[in-house]
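Order of the sequence lines fixes the chain letters, A, B, ..., with proteins taken first and strands second; residue numbering starts at 1 for each chain.
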Amino acid sequence: MELPLVVGLREDERMATKNEIIGILEEIGVILEIKGENPFKTRAYINAARTLEGLEEDLQTLVEEERLDKVKGIGKAIAEKISRLVTEGELPYYTDLKASIPHGLLNLLDIPGMGPKKIKAVYKNLNIHSIEELKLACEKGKLQTLDGFGKKTEEKILKGIENREAYMARHLWWDAHEIAEPLVTALRELPEVEKAEIAGSLRRKKETVGDLDFLASSLSPAPIMEWFTSRPEVQEVTAKGETKASVRLTGGLQADLRVVPPEQYAFALHHFTGSKEHNVALRSRSLQRGYSLSEWGLKAEKTEEIPKDILTEKALFDFLKLPFIPPELREGREELERLEGKKTPELISNTDLKGVFHNHTKASDGKSSLKEMAHAAAQIGWEYLGISDHSKASFQANGLNEKELINQIQEIKDYNASADREIHLFAGIECDILSDGSLDLSDEVLAECDYVIAAVHARSGQKGPDETSRLIAAMENPLVTMIAHPTGRLLLQREPYELDHRKIIDAAAANGVVIEINSHPRRLDMDWRWWRYAREKGVRASINPDAHHTDHFAYTLAGVNIARKGWLQPEEVINTMNLKAVREFLRKRKSDG
DNA sequence: GCCGTTTTCGGCCCGACTGTTTTCAGTCG
């Protein structure tokens, strides 16, 4: 599941249009290829799409000033088509072309092994229009009768269709990370391996990942490929060559390994870490300096100066007069411009945390007792732990009523006063926001807590205010310290509530309310894409594991990843404060409110 | 369909891998 992109900025709207046009050009190229057009003509559309992707100048401006056909890779004919799409939003040529082939034929591209040529072959010879028909033809053994198809191709396509769900599913960062870490560690221990790293979206700490990318540098790749493809967790080897292999692991996760010589390693690592958008931006910066940059290295284009050995990513950024850009920030969201002439930002790390606030015990739906939680938190080295069980409206989670909360607060006071205390406990509550925006427990009782986390757990009824208004109403209660998982999303499971993030962040800023980064690997909410705006507004974060068991404290790592992707620095996260400072912060928050 | 000329035609790209070939076409990232 991909989250909706940032909306509301004029720039982003234009980007969407540009991306749509890129998609249309690519589609035209594929359809022309299926129809058997001149291969170089079909290429021209694909090339034009690539050109548009890397376009630095504003597309709108180029169209208005009629300079589009001056861009290398875009000629008169394609420029006219793009202009039409920009100004009128539609293109009869494309609409007609699309209508000229059966609906569903392009879906065949989703099947591994099926490209334009093979689609054309099955369409012309077997009149296949859809994935279902393709599957049927494979099962009847009809595919292997075609020129250029054999038994293996047919088997591969059939398997591809059958495994489609598993192959295409994305995976939580946490799950992928747990599989990838031991693999890369073992990879590094091989005698032939000089360096090895995880690349791709996993390295960028994206909330979900599609597959695993491993990269190693070595002068003798053969034993490394052998090792990789014979791991016990490998279910199937889908490709194996001298320097490149693909496997499918148990659980359906796809993993690729590439082995490159040491002098190419830095370039390959950067390239395969991505993102695509970041790479486009860096390549274009490199070109401006007279070098073409690729996974293979730097090539002098317009200059005589040969770059010296570049053996690390840092050296590569150095050469391009940029600070080292941490992988988490390489999302093509203007990171190059924002870091121009600056140092690498000092992003928060997991060891900066001095405690966490959103945690449950057996009193509501947690699996560990208050003392077990306190002990485990002390073992990590934290200075404090906040206890925040559910409130009574979360009936399914055995939420606390007023009396039970008062009892728990007393239990926490007793613990803090006891001789065998191992850590300071803060008394909190994860208080439900009701459908009218009010809180589930009385202000009188909430005022007894050290802090209050307000959270939505059930969507509001049709009559009540929308989700945005409910959250804002809750934030306007001066007793509320922070809001939990604002969108309620469950990655790969449940879509986020429809929220106006801007209004939420503005309200948090106006009321001095902290926004949580819920670190549960399935939540990671508020999303990293919004922290840029929140930082600008001076809103602070609290990174919380939402622990229901002592084991769940480890989730803070996933939350820290999201904070890093949001460019957050330690001082912007309240639970990097030491006990004295955070106690003062909570006290002040209560008295100001 | 684009580009760049030795300027109105002729060439066009990116390397690795697989499978169907018997020297290479198609797919993929």
Side-chain angles (χ1 to χ4, degrees), chain A residues 24-26 28-53 68-82 91 93-94 97 108-122 143-160 167-168 199-201 210-215 221-222 225 228-229 236-248 254-261 264 267-277 279-280 283 292-297 299:
Chain A
I24 289 173
L25 291 175
E26 283 170 345
I28 292 175
V30 174
I31 298 175
L32 289 177
E33 204 169 346
I34 291 172
K35 300 190 79 163
E37 258 288 0
N38 171 3
F40 295 109
K41 180 171 168 181
T42 68
R43 264 221 98 81
Y45 281 94
I46 305 296
N47 288 340
R50 291 290 85 75
T51 306
L52 224 49
E53 253 176 8
L68 199 54
D69 60 346
K70 302 287 181 293
V71 177
K72 193 170 165 346
I74 299 175
K76 204 155 175 277
I78 294 184
E80 266 172 29
K81 293 188 174 75
I82 295 174
L91 180 64
Y93 171 76
Y94 164 67
L97 196 63
L108 299 185
L109 279 174
D110 289 342
I111 308 301
M114 291 296 292
K117 295 280 161 57
K118 290 216 156 69
I119 291 176
K120 185 189 172 188
V122 300
L143 238 64
Q144 51 177 304
T145 63
L146 299 179
D147 272 355
F149 288 75
K151 213 169 173 202
K152 286 204 169 180
T153 308
E154 188 176 78
E155 278 168 12
K156 187 184 169 190
I157 289 171
L158 185 58
K159 211 166 182 185
Y167 276 132
M168 289 194 358
S201 46
D211 55 12
L212 306 180
D213 289 301
F214 295 98
L215 184 74
M225 304 309 281
F228 182 67
T229 50
E236 184 190 359
V237 178
T238 44
K240 185 185 175 186
E242 281 174 34
T243 62
K244 213 175 122 178
S246 290
V247 300
R248 192 160 59 91
Q254 194 83 28
D256 294 345
L257 170 68
R258 285 178 181 78
V259 182
V260 298
Q264 197 198 315
F267 300 100
L269 179 59
H270 178 267
H271 176 87
F272 291 111
T273 297
S275 67
K276 207 169 100 187
E277 292 78 12
N279 288 353
V280 166
R283 270 203 302 277
S292 76
L293 172 66
S294 73
E295 65 194 270
W296 313 104
K299 215 169 69 192

Applying side-chain contact (heavy atoms from CB on, under 4.5 Å), name anything that partners [X], two or more places apart in sequence or on another chain.
X: K81(A); result: Y45(A), A77(A), L91(A), Y93(A)
X: A48(A); result: L25(A), I74(A), I78(A)
X: I24(A); result: I28(A), L85(A), Y94(A)

What string of B, S and - do you get for nucleotides 16-26 of chain B, 5' to 3', when a contact is any protein heavy atom under 4.0 Å?
SSSSS-----S
Summarise protein proximity over nucleotides 2-8 of chain B in one line of letters, 5' to 3': B for base, S for sugar-phosphate only, - for none, counting protein heavy atoms closer than 4.0 Å.
SSS----
Does anything in residues 144-157 of chain A pair up under salt bridge (charged side-chain N to carboxylate O under 4.0 Å, His left out), and if so which pairs, sequence neighbours excluded?
none
In whole angstrom, give me the gap between the [atom1] atoms of [N] and [M].
N: dC9(B); M: dT5(B); atom1: C1'; result: 10 Å
N: dG26(B); M: dT22(B); atom1: P; result: 14 Å
N: dT20(B); M: dC14(B); atom1: C1'; result: 23 Å
N: dG10(B); M: dT6(B); atom1: P; result: 16 Å
N: dC13(B); M: dG4(B); atom1: P; result: 11 Å
N: dT18(B); M: dC12(B); atom1: C1'; result: 26 Å
N: dT8(B); M: dG15(B); atom1: C1'; result: 34 Å

Sequence neighbours left out, what passes side chain to side chain donor-acceptor pair (under 3.5 Å) with T42(A)? Give chain and number order.
none
Contacts of T273(A) that satisfy side chain to side chain donor-acceptor pair (under 3.5 Å) - sequence neighbours left out
R203(A)
Given atom [atom1] of [X] and atom [atom2] of [N], what is their separation to the nearest angstrom?
X: F272(A); N: dG15(B); atom1: CZ; atom2: C1'; answer: 10 Å
X: M114(A); N: dC28(B); atom1: CE; atom2: P; answer: 9 Å
X: I46(A); N: dG29(B); atom1: CD1; atom2: P; answer: 15 Å
X: F267(A); N: dG15(B); atom1: CZ; atom2: P; answer: 17 Å
X: H271(A); N: dG15(B); atom1: NE2; atom2: P; answer: 13 Å
X: D213(A); N: dG29(B); atom1: CG; atom2: P; answer: 10 Å
X: D211(A); N: dC28(B); atom1: CG; atom2: C1'; answer: 12 Å
X: K41(A); N: dC13(B); atom1: NZ; atom2: P; answer: 19 Å

When both distances are under 3.5 Å in a Watson-Crick or G-U wobble arrangement, the nucleotide paired with dT8(B) is none
Can you name the residues that form a salt bridge (Lys or Arg N to Asp or Glu O under 4.0 Å) with [X], not counting sequence neighbours?
X: K35(A); value: none
X: R50(A); value: E26(A), E53(A)
X: E37(A); value: K41(A)

Could you tell me whether K117(A) and E33(A) have a side-chain N and a carboxylate O separated by less than 4.0 Å?
yes
Is the shortest side-chain N to carboxylate O distance from R258(A) to E295(A) below 4.0 Å?
no
Output a table of nitrogen or oxygen pairs between the protein and nucleotides 9-12 of chain B separated by less than 3.5 Å.
none

Say whether, by atom type as modelled, one donor and one acceptor occur between the side chain of N279(A) and the main chain of H271(A) under 3.5 angstrom.
yes
